Amino acid sequence: MEPVKAALAVVVLLVLAGGDAAASGPPPPPGATACSGCHAATAGIVTPVPRLVGRKPADLVAALQDFKAGRRPATVMDRIAKGFSDAEIAAIAVWYGEQRPERRR
Amino acid sequence: MVDRREILKLAGAAALAAALPAPALAQSKGRGQVVVIGGGFAGASCARALKRFDPRLAVTLVEAERVFTACPFSNGVIVGLRSMADQRFGYQGLAQDGIALRFAAATAVDPQARRVTLADGGILGYDRLVVAPGIDLRWDALPGYTEEAAQRMPHAWKAGEQTLLLQRQLAAMEDGGVVVIAAPANPFRCPPGPYERASLIAWYLKTHKPRSKLLILDAKDAFSKQRLFQGAWTELYPDLIEWVPLSQGGKVTSVDAASLTLVTDFATHKAAVANVIPPQQAGRVAQRAGVADRSGWCPIEPVSFQSTLQPGIHVIGDAAIAGAMPKSAFAANAQAKACAAAIAGLLAGRPLEEPRLINTCYSLVAPDYGISIAGVYHPAGGQLIDVEGAGGISPLEAPRSVRQQEAQYADGWFKTITAEVFG
C-alpha cells in the first residue's frame, strides 16, 4: 500500500470510530419506535398482532394508507394511522424494512 | 479512488476531533454517562433504548427492587384470572444488554454537580439523568387514609402485596356484600384502570357471588372510555354496578378503616370490601431532584422530555406532565424511546427531531371482552397534544367478535411490551 493510502486508511478508521457511523444505524423516524409496544420487535413472542420488522416497505405503506383511509378492517390501527402524514408513513415503513428481529439470549 | 481534496477533508476532520475539548471528545468516543432512576416500563425501556441507539453510552439503571411487578393486567390477578407470577419480571435481560444495574434507592440528586447519591452510599456521576419513578400515593390527601388504613382498605394501585390483599378480601367476602371502589380525581395512573377493575370485579361477583353489589364512588364526572364501559355494564352486569359521579355526591371526603366506611358529602357507605384509590403524585425522587412542581408532577419540554425545572434531567412515564398523554405503561414505553433517541442525539451533538408518540390502552370488561382507547401525539406550544383527527375509542356498537379480538390484542400487547422492556 502506498504511504498516502495507508495514512488515509488510518484517518478514515479514526473518523469512523469517533463518528456517528459507529452507532447502530440512523435514528428511527418520528413515531417508529412507538409501534413496538404492540408489534413485537423481539423474536419468539406469540401474539395475533403482526410483526413489522423486516417487512417490505411498500406493503407497510399500503397497509397504513388503507387503515388511514378506512379501506381495511381494523380494531385500533384506523385510529392510529390517521395520526401520520404520507411522508411519516413512508419513513416509518422504510425504517422497519431495514430492521431485523432482536434475538434475546 | 480517493482524491487529494477528500484526503484533506478527512485529515481536517481528524484534526478537528483532536482539537475538541476533553468532555466533548470523551462523549464522542462513547463515554457519555446516562443514569436512569426507576426500573418500570418507562425507566427500563429507556435504558434499553439508549443502549440500542448508541451502544457506546455507559447506561446505569438505579432501582430499589430486584423484581418488577407490573400493574397492567393486575386487575386480572385480583379476580383470579391470572397468577401474580405472570406480573413479575427481573432485570437479567437488561444486564445482558450491557446496562449496569444498581439495586438501591436514590436518596439525593445534585443537578449542579450532576450526581446521584444512593442509599448504599454509592455516588453516580452523569451527563444526562432520566428520572422515571412512577407514582407515590398521597397519604396526606384523604382524611383517614393512611398507610396503616391501606392494610384494611387496599389501594392495589401499586402492584404487589396490595394486589394480593384485595384478591384475598374479595375471595373471603360473603355473597351479598357490597364492594366499594373510591376513584380519584385527575390526574392519576391508568385513567381507565378503576373502571376495568370495577368491570372485572363485577364479572367475578356475577360468576361467584351473584347477590353482591359494586359501588363506584367517583371524585369526577367523566372517565376514560366511559360510554364503552357503561354500555358493557348495562349489557353484562345489569343492576350490579352503580357509579356515583362527583356531581351526585360521589367524592369520598374521608374514610374509617376500622369500620370499613367511606364518607361523602351526602352519605356514609359501609363496605364489605373497600378499594380506595387515593390521589397520587410523582415518585419521591422527583421531589428530591427538584423536578416536581407544586402539583406534585413534573413539567417537561415535549421534544426531549427534559425537565423545565432542572437542566440535564429528563422525566418520563407516570411522573411526567405529558399533556394529552395518559399515565399508562404504553405511553411510558413510547416516551422512553423518544427520550432515549433525544438523549443519544444530544450527546452526539445532533439536532433533535420532533417526536410523534402513540398510546394504546386496552381494558377488559370481561375475560373475553376488550375495549381500547388510542391517541397520537406531537409537541405544540410546549406541550404534547393530540394529533387532530387521530385516536379515539373502540366503536360503541360492535359485534362480540370485535370485543373478543380486542381482548386477544390486549393479551398480545402485554406479552409484547413486557418482552421488549424486560425480556
Side-chain angles (χ1 to χ4, degrees), chain A residues 4-5 7-20 22-51 67-68 73-85 88-89 91-92 99 102-105, chain B residues 2 6-7 10-11 13-14 17 25 28-30 49 52-56 93 96 329-330 333-334 337-338 340-341 344-345 348 350 353-360 362 370 372 374-378 386-387 389-394 402 405-406 408-409 411-413 415-417 419-420 423:
Chain A
V4 170
K5 277 193 193 161
L8 177 65
V10 171
V11 168
V12 169
L13 282 174
L14 279 173
V15 169
L16 286 179
D20 265 350
S24 49
T33 58
C35 309
S36 62
C38 287
H39 297 271
T42 43
I45 309 293
V46 181
T47 166
V49 182
R51 284 182 161 64
F67 281 132
K68 190 174 168 180
T75 55
V76 74
M77 276 312 301
D78 50 344
R79 295 175 255 159
I80 292 171
K82 289 187 179 79
F84 292 86
S85 68
E88 287 165 339
I89 284 173
I92 290 169
Q99 304 302 304
E102 283 179 48
R103 303 260 163 215
R104 293 272 165 87
R105 295 131 302 227
Chain B
V2 184
E6 278 187 78
I7 295 172
L10 288 164
L25 186 63
S28 74
K29 277 188 178 168
R52 184 156 6 105
F53 294 152
D54 192 345
R56 300 162 305 173
Q96 284 165 356
F330 194 113
N333 171 261
K337 290 180 278 193
R350 280 195 302 266
E353 222 174 341
E354 283 207 347
R356 196 148 275 226
L357 295 119
I358 301 173
N359 177 64
T360 304
Y362 289 101
S372 64
V376 184
Y377 311 90
H378 69 127
D386 282 295
V387 173
I393 61 172
S394 308
V402 170
Q405 201 177 14
E406 289 221 282
Q408 287 160 9
Y409 284 174
D411 185 59
W413 167 77
K415 286 181 187 153
T416 298
I417 197 165
E420 176 173 277

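All chains are named by letter (A, B, ...) in the order of the sequence lines, taking the proteins before the strands, and each is independently numbered beginning at 1. Note that these values count all heavy atoms, side chains included, but never hydrogens, waters or copies made by symmetry. In this text the structure is predicted, and so the values were computed from the model without any measurement.
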Partner chain B: residue of A:Ser36, A:Pro29, A:Ala34 with the largest heavy-atom pair count (under 4.5 Å): A:Ser36
Chain A contact via B:Tyr377 - side chain, backbone, both or neither, heavy atoms under 4.5 Å: neither
Segment of A:Ile80 engaging chain B (4.5 angstrom heavy-atom cut-off): both
A:Val76 and B:Tyr409: CA distance, side-chain angles, deciding distance, side-chain contact (heavy atoms from CB on, under 4.5 Å) verdict: CA-CA 10 Å; A:Val76 74; B:Tyr409 284 174; 5.7 Å; no
Euclidean distance, A:Thr75 OG1 relative to B:Tyr362 OH, rounded to 0.5 Å: 5.0 Å
Heavy-atom pair count under 4.5 Å with chain A, highest-scoring of B:Thr416, B:Leu357, B:Asp386, B:Val376: B:Thr416
Proximity breakdown for B:Glu353 and chain A, heavy-atom pairs closer than 4.5 Å: side chain
Choice from B:Ser372, B:Ala374, B:Pro355 maximising heavy atom contacts with chain A below 4.5 Å: B:Ser372
When B:Ala334, B:Ala49, B:Gly412, B:Gly375 are compared by non-hydrogen pairs under 4.5 Å with chain A, the top option: B:Gly412
For chain A, the option from B:Val387, B:Ile358, B:Ile417 that forms the most heavy-atom pairs under 4.5 Å: B:Ile358
Reported OG1-to-CH2 distance for the pair A:Thr47 and B:Trp413, which is rounded to 0.5 angstrom: 12.0 Å
Side chain / backbone / both / neither for B:Ala341 at chain A, heavy atoms under 4.5 Å: neither
